[in-house]
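Below is one structure, written out as structure tokens; the observations come after it.
Throughout, protein chains are lettered first and strands after them, A, B, ... in sequence-line order, and every chain is numbered starting at 1.
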Number of protein chains: 2
Amino acid sequence: MVTLVEVARHAGVSASTVSYVLSGKRPISDLTRRRVRASIEQLGYQPHAGARALASSRSRIIALMVPLRTDMYVPVMLDIAVAVATTARAHGYDVLLLTGEEGPSALRRVTGSGLAEAVILMDVQLDDERLPVLRAAGPPAVLVGLPADPSGLSCVDLDFTAAGALCVEHLAGLGHREIAVIGEAPGVYARHTGFAERTLRGLRDRATELGVGLLHRPCEGGHDAVAGVLARIFDERPGVSAFVVQNETAVEPLLALLRRTGRAVPEDVSVVAVCPEPIAAQASVPLTSVAIPAQELGRRAVERLITGLSGRPGADGPADDAAPTPGVELLTPVLTSRDSSGPPLARGVMS
Amino acid sequence: MVTLVEVARHAGVSASTVSYVLSGKRPISDLTRRRVRASIEQLGYQPHAGARALASSRSRIIALMVPLRTDMYVPVMLDIAVAVATTARAHGYDVLLLTGEEGPSALRRVTGSGLAEAVILMDVQLDDERLPVLRAAGPPAVLVGLPADPSGLSCVDLDFTAAGALCVEHLAGLGHREIAVIGEAPGVYARHTGFAERTLRGLRDRATELGVGLLHRPCEGGHDAVAGVLARIFDERPGVSAFVVQNETAVEPLLALLRRTGRAVPEDVSVVAVCPEPIAAQASVPLTSVAIPAQELGRRAVERLITGLSGRPGADGPADDAAPTPGVELLTPVLTSRDSSGPPLARGVMS
DNA sequence: GGGAGATGTCGAAGCGCTTCGACGCCGGAA
DNA sequence: TTCCGGCGTCGAAGCGCTTCGACATCTCCC
């Protein structure tokens, strides 16, 4: 392995000079810089990450904690993760992959050992057990998702409340008076996953405001589960003329079942989805949907973090003020009209 | 930050003693060990990762390179990644997330800087451009997937050739004489992705052996694309009585389309899928399928790596023989019979 | 009873890098 | 001409850990 000292010798300068060429923290003459660069190139020098981290107390690594369960929103998760990795690299950072399994202690571990300088958390729950750790030990952190109490934390998320409201508005605007919501698996609500509950709140509040009936049913993925839920919905509320789906594994089963039971989309029932664009666009009926901008979320999370991290003293300085600006950044949801929503059948015809 | 020296002082021993308590590389008396452990606990000591890596030349990090495009087999990829992370942690390693974007140079970077000790590559192509780097500089590596020439490399994969053969055998055994294969997106084949081509070879070879007709069509995801492909298939080969699907985004559309065109599964046509279990089991018709054991693949990959890594000299020793045992480990595919396959209609009835 | 071999602990020398203070040099101001 | 301040470079002191050789101590056996 080539070391900095060897580069220095090769270029006929001191070790510190090579270091300054690399970091740009002190002025170096053009001639020297060129020589050093040439030697680096020639010897194929690569700075030792550990040594660097030790000397500078900056590892240039951020940890990304993904949920262990892959029972939910898989494409979204992966998209976010990839966007995080890509964006981080663009800023000279690497990404350490943590699973939810280890829980809060993983945060302490990677952060306390100086392995990672900061963390990004996905799949945040309303009263997430990792939050106390963040508030206390306070490694710089950004949450993708919004907990119940985001005070003092930096969060990025889609404004799911607004997304829910948007769906109801769209359907109510078309004339629907009875809307059914097919939601995530019951477990997701049981865990108090932020986005699911907030969407629901947005749906409910706006439905109440507009005097529209709203029925919410959690739903496991898969054809059979959707069939059961659907049957119960029509049983309880025969007047339902529109669906909001927030569960990517329920989308196709729902469409198939509606078709099979002789309900045309959008003529007989309308469907609006909250899901990533590709899923909505590629569905058997292209779906009117509110997009979940996974990549954008990942990108923003990293950028918040990096912004907070730079301008940071090498060592430890005035401790915690190095964290990213606390605050919640909610992306405005956008509803794209496709083929799956339209006005309901005229009342008279229906009943 | 608490350092080892502080722990030593607190416990009334020397720094090296603390180190040996931690590493177990030299015998330490029970009494001393207890005292040191107590001090560690009490002070909340965490070894500094960088310092450790520097002194020992082992970072205890393995890099995982995931494909940048998330256009394919997303759940499989995420499952593998999560399994890798989990298994690695169980062995005391952390995982660095790399995307395919940086390409071969990323391998050099993380490996040359001592950031990662080893790498796991996913989405390996038959003539992957990253392989030369591995063969040359030779950081310990395990591929999840099988390139055209695996010599000198360590690989783990499902035996997709056997998987293909298995599908054909199953269908031929039921009496089918004309099989259509709905494959991955054309781009996947264009990239010469190993698993796709190997499955195809297995399908073709066994079909030839058994004298069964086989038609292969790549297929983009989404309803419309599947519709087009399906129409062309029936157009070209009206006698097709069975499908093999290797494209998770085509599964539901295919079932929906068959249903809509009045072909019952499995009475009129049989369907066999090559996909993760949950997808097959949750489909609108539970599918006879060959499972892709994503978690198992991730787990094995890590275990191969770790096995190679331990027994490794601290510094660099006799260089490259530290790599994991080269060799290919192919998991035997298992076909699970569900509801989607059965004997074809009697010839006479058909035509 | 004395040397051989464990056993348990310590001190010191790095690992490769960053960073701080020092220093020589040159140009401009006095 | 002298003095001052930048500029460009160097040397040295760590960063926190591992590891090697050395040194006591203790045990056991002839």
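For the residue pair A:I61 and A:L115, the shortest heavy atom distance occurs at CB-O, 3.4 Å. Taking each heavy atom of B:D157 and B:G145 in turn, the nearest pair found is OD2-CA, 3.1 Å. Considering every non-hydrogen atom in both B:P147 and B:L131, the closest pair reads CB-CD1, 3.4 Å. Between A:L134 and A:L143 the shortest heavy-atom distance is CD1-CD2, 3.7 Å. Residues A:P139 and A:T111 approach most closely at CB-OG1, 3.3 Å, considering heavy atoms.
Remark: C1' of D:dT18 and CG of B:L54 are 10 Å apart, rounded to the nearest angstrom. Atom pair A:L4:CG and C:dG14:P shows a separation of 18 Å (rounding to whole Å applied). To the nearest angstrom, P of C:dG16 lies 8 Å from CD of A:E6. If you take CZ of B:R9 and C1' of D:dG16, they are 13 Å apart, rounded to a whole angstrom.
If you check D:dT18, C:dC17, C:dT18 against the side chain of B:S56, the one that comes closest is D:dT18.
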Extract from the structure each pairing of a protein N or O with an N or O of nucleotides 9-12 of chain D at less than 3.5 Å, listing the distance.
| from | atom 1 | to | atom 2 | distance (Å) |
| --- | --- | --- | --- | --- |
| D:dT9 | OP1 | A:S29 | OG | 2.8 |
| D:dT9 | OP1 | A:T32 | OG1 | 2.1 |
| D:dT9 | OP2 | A:S29 | N | 2.8 |
| D:dT9 | O4 | A:R26 | NH1 | 2.9 |
| D:dC10 | OP2 | A:S14 | N | 2.8 |
| D:dC10 | OP2 | A:S14 | OG | 3.2 |
| D:dC10 | OP2 | A:T17 | OG1 | 2.4 |
| D:dC10 | N4 | A:R26 | NH1 | 3.4 |
| D:dG11 | N7 | A:S16 | OG | 3.4 |
| D:dG11 | O6 | A:S16 | OG | 3.1 |

Between N or O atoms, less than 3.5 Å apart, protein on one side and nucleotides 26-28 of chain D on the other: list the pairs.
none

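In this structure a side-chain-to-backbone donor-acceptor pair under 3.5 Å is present from A:E117 to A:S59. Looking at A:S39, its side chain does come within 3.5 Å of a backbone N or O of A:R35 through a donor-acceptor pair.
Between A:S57 and the phosphate of D:dC15, there is no side-chain N or O to OP1/OP2 separation shorter than 4.0 Å. At the phosphate of D:dT18, neither OP1 nor OP2 sits under 4.0 Å from any side-chain N or O atom of B:K25.
Between B:E296 and B:R299, at least one side-chain N (NZ, or NE/NH1/NH2) sits under 4.0 Å from a carboxylate O, which counts as a salt bridge. Between B:R304 and B:E329 there is a salt bridge, since at least one side-chain N of the basic residue sits less than 4.0 Å from a carboxylate O of the acidic one. Contact check on B:E101 versus A:R89 returns no salt bridge, with no Lys/Arg side-chain nitrogen under 4.0 Å from an Asp/Glu carboxylate oxygen.
In the region residues 35-44 of chain A, proximity to DNA chain D at under 4.0 angstrom, judged on heavy atoms, holds for none of the residues.
Contact annotation for A:T3: backbone-only contact, meaning every heavy-atom pair under 4.0 Å involves sugar-phosphate atoms and none involves a base.
For the helix from C:dG1-D:dC30 to C:dA30-D:dT1, the axis fitted to the five pairs at one end and the axis fitted to the five pairs at the other end meet at an angle of 50° (nearest 10 degrees).
The side chain to side chain donor-acceptor pair (under 3.5 Å) analysis of residues 139-153 of chain A, with sequence neighbours excluded, yields the pairs A:D149-A:S151. Sorted pairs that involve residues 1-12 of chain B and meet salt bridge (charged side-chain N to carboxylate O under 4.0 Å, His left out), not counting sequence neighbours, are lacking altogether.
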